[in-house]
2 protein chains.
Amino acid sequence: MTTDQHDNLSLSSGALQLVLSAEQLIADKGIDGVSSREVARAAGHKNHSAVNYNFGSFDGLIEAIIDYRVRPINQQREVLLTALLEQQQQPTLYALVDLMARPLASELLRGNGESRYLSLIAQLLSRGHWRELFLRNRSRSSALIKISELMAAQLADTLPSEIYNERVRLLGSQIIYSIAEWDNLQHKGQLALDESSLEWRLQNLIEYAIGGLTANHNKRN
Amino acid sequence: MTTDQHDNLSLSSGALQLVLSAEQLIADKGIDGVSSREVARAAGHKNHSAVNYNFGSFDGLIEAIIDYRVRPINQQREVLLTALLEQQQQPTLYALVDLMARPLASELLRGNGESRYLSLIAQLLSRGHWRELFLRNRSRSSALIKISELMAAQLADTLPSEIYNERVRLLGSQIIYSIAEWDNLQHKGQLALDESSLEWRLQNLIEYAIGGLTANHNKRN
DNA sequence: GTCTTAATAAGTCAAGTGTCTTATTTGGAG
DNA sequence: CTCCAAATAAGACACTTGACTTATTAAGAC
């Protein structure tokens with residue numbers, strides 16, 4: 001996992017710089033607070049139509065960012081899942097939640113924290129148009145599906161399906177928003193994240209999540 | 001609690017309409033995707049400077065929204081806490097988390113769901129400038145402080161303080177982002193929220209949160 | 001009634017924006 | 001080297017925005 005995971009991406013170096021600059025700007029100023037021209041400027045262009053030229057539109061740019069980041073994350077999930085299933089056919093809940101969260105958390109350490117992807121996802125998921133664009137563009141990896149199934153196998157019996165589904169939703173939101181918050185705090189200098197501090201935070205998040213997933217459900221009329 | 005909780009607010013009816021329209025627009029289009037002029041238009045003004053006239057600036061408008069919504073929420077917390085402490089001096093964790101979440105969740109039912117305040121908070125908390133503006137303007141209610149203390153009394157012993165603090169942060173984020181998500185889904189017609197469906201979701205959220213807060217913490221090297 | 005002040009409307013201006021179009025430059029393929 | 005397509009730059013246009021300024025209207029005190 002030391003090689004660059006962004007190879008086969010059909011992004012010219014110019015387009016790549018736009019993607020990276022856009023990520024930064026959006027994390028800082030909000031997806032609706034950033035203009036195409038601003039992105040082009042930040043990417044070192046005098047050409048104010050660079051975004052339009054490379055991606056057709058601002059939406060196209062966002063889709064490119066998603067595509068650029070989602071692939072390696074899913075890829076990492078596949079690798080980790082395969083390794084895990086070789087060890088134990090019935091992985092623990094801990095291992096499964098770890099598998100969901102870790103590849104996202106890893107983004108925070110990528111290239112001295114220059115990936116602001118988590119902040120972007122959190123913003124995309126928060127509102128109408130962008131949420132739909134994201135859901136349309138993330139390719140659900142087979143790993144994630146398999147993880148869901150393994151998790152359901154351990155929980156679905158003990159909980160009413162309505163409750164189980166809701167808790168899985170809570171889990172998904174919590175993972176993304178929590179890690180996104182770490183990202184934002186880190187980039188405001190209010191949180192120092194290195195491997196070890198990320199590790200205990202991640203561990204704690206997983207423990208919290210498992211506590212939540214497996215909590216007793218008391219039916220109250 | 002049937003009387004209007006927005007009395008002593010020093011908002012003229014014109015200003016109030018601006019606040020309400022702004023809330024709606026921001027929930028739909030994002031805080032950075034809405035202009036002062038647009039808010040004025042949506043509030044029925046031909047006067048495109050209405051926001052500037054009433055609040056001085058867009059930031060002033062946001063502060064007015066926060067002020068308008070935070071008061072009754074804190075007020076409700078005070079009332080509920082007082083009632084709770086009359087029943088039992090050492091309230092359960094369940095009651096305490098309930099106390100944190102319920103006044104926020106209630107917003108979703110207010111006036112046929114016309115308060116989009118949760119969506120706003122979630123957006124404000126997500127990014128730089130707005131986060132700071134929010135933190136500057138929410139007046140921390142004495143109830144919330146008391147709730148924190150009561151919670152700490154039950155948990156701080158069993159967990160390392162670093163872990164405890166992090167879990168409280170997780171709790172806070174989860175409450176706000178989850179309820180905000182209900183808000184967004186509700187207003188896209190993807191979630192039907194009445195009192196009873198809100199109730200079981202809230203109950204489940206609390207159960208999840210308590211499971212998380214009290215989860216075992218395993219020190220790993 | 002007049003007067004005064006708050007509220008609303010409307011005008012203005014420089015700055016920024018998306019999109020489309022038209023140069024100009026650059027880096028290979030032949 | 002020539003030539004051509006891709007990349008970059010720059011122009012143009014209609015539109016929106018925030019902030020400030022200047023009418024105009026409404027409403028209450030006296």
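Chain A is the first sequence line, chain B the second, and so forth, proteins listed ahead of strands; every chain is numbered from 1. In this text, all values refer to a predicted model and were calculated from it rather than measured experimentally.
For A:S115, the side chain to side chain donor-acceptor pair (under 3.5 Å) partners are A:E107, not counting sequence neighbours. Applying the side-chain contact (heavy atoms from CB on, under 4.5 Å) rule to A:N74 yields the partners A:V70, A:R77, A:S139, A:S141; only residues at least two apart in sequence or on another chain are considered. For B:R138, there are no side chain to side chain donor-acceptor pair (under 3.5 Å) partners two or more places apart in sequence or in a different chain. Judged as a ring pair (Phe, Tyr, Trp, His ring centres under 6.0 Å), and not counting sequence neighbours, A:Y208 has no contacts. Listed by chain and residue number, A:L185, A:K188 satisfy the side-chain contact (heavy atoms from CB on, under 4.5 Å) test with A:Q190 (two or more places apart in sequence, or in another chain).
Counted by atom type alone, B:Q203 and B:E207 present one or more donor-acceptor pairs between their side chains at under 3.5 Å.
The CG-P distance, from B:L61 to D:dT17, rounds to 15 Å in whole Å. Atom OH of A:Y53 and atom C1' of C:dT25 are 12 Å apart (whole Å). In this structure, B:L16 places its CG atom 16 Å from C1' of C:dA7, rounding to the nearest Å. Distance, A:E38 CD to C:dA15 C1': 13 Å, rounded to whole Å. Note: CZ (A:F55) to C1' (C:dT19) measures 17 Å, nearest angstrom. As rounded to whole Å, 9 Å separates atom P of C:dT19 from atom CG of A:D59.
The nearest pair of heavy atoms linking A:A40 to A:A50 is CB-CB, 4.0 Å.
The stretch residues 104-148 of chain A participates, sequence neighbours left out, in no ring-ring contact (aromatic ring centres under 6.0 Å, His included) pair at all. Residue pairs meeting the ring-ring contact (aromatic ring centres under 6.0 Å, His included) criterion with at least one partner in residues 161-205 of chain A, sequence neighbours excluded, are A:Y177-B:Y177. The salt bridge (charged side-chain N to carboxylate O under 4.0 Å, His left out) analysis of residues 43-52 of chain B, with sequence neighbours excluded, yields no pairs.
Direction change of the helix axis from one end of the helix from C:dG1-D:dC30 to C:dG30-D:dC1 to the other is 0°, with five pairs defining each end axis (rounded to 10°).
Contact check, B:N52 against D:dG18: no side-chain N or O comes under 4.0 Å of OP1 or OP2. The phosphate of C:dT17 (OP1 or OP2) has a side-chain N or O of A:R41 nearer than 4.0 angstrom. Phosphate contact (OP1/OP2 of D:dT16, side-chain N/O of B:S35, threshold under 4.0 Å): absent.
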When you compare the protein's N or O atoms with those of nucleotides 9-13 of chain C, which come within less than 3.5 Å of each other, and at what distance?
from, atom 1, to, atom 2, distance (Å)
C:dA9, OP2, B:H45, ND1, 3.4
C:dA9, OP2, B:K46, N, 3.1
C:dA9, OP2, B:N47, N, 3.2
C:dA9, N7, B:N47, OD1, 3.2
C:dA9, N7, B:N47, ND2, 3.4
C:dA10, N6, B:S49, OG, 3.2
C:dG11, O6, B:H48, NE2, 2.6

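For DNA chain D, no neighbouring residue in residues 25-33 of chain A is found when judged by any heavy atom under 4.0 Å.
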Tabulate below the donor-acceptor pairs under 3.5 Å that side-chain atoms of residues 142-149 of chain B make, not counting sequence neighbours, or state none.
from, atom 1, to, atom 2, distance (Å)
B:S142, OG, B:E78, OE1, 3.3
B:S142, OG, B:E78, OE2, 3.2
B:S148, OG, B:L144, O, 2.9

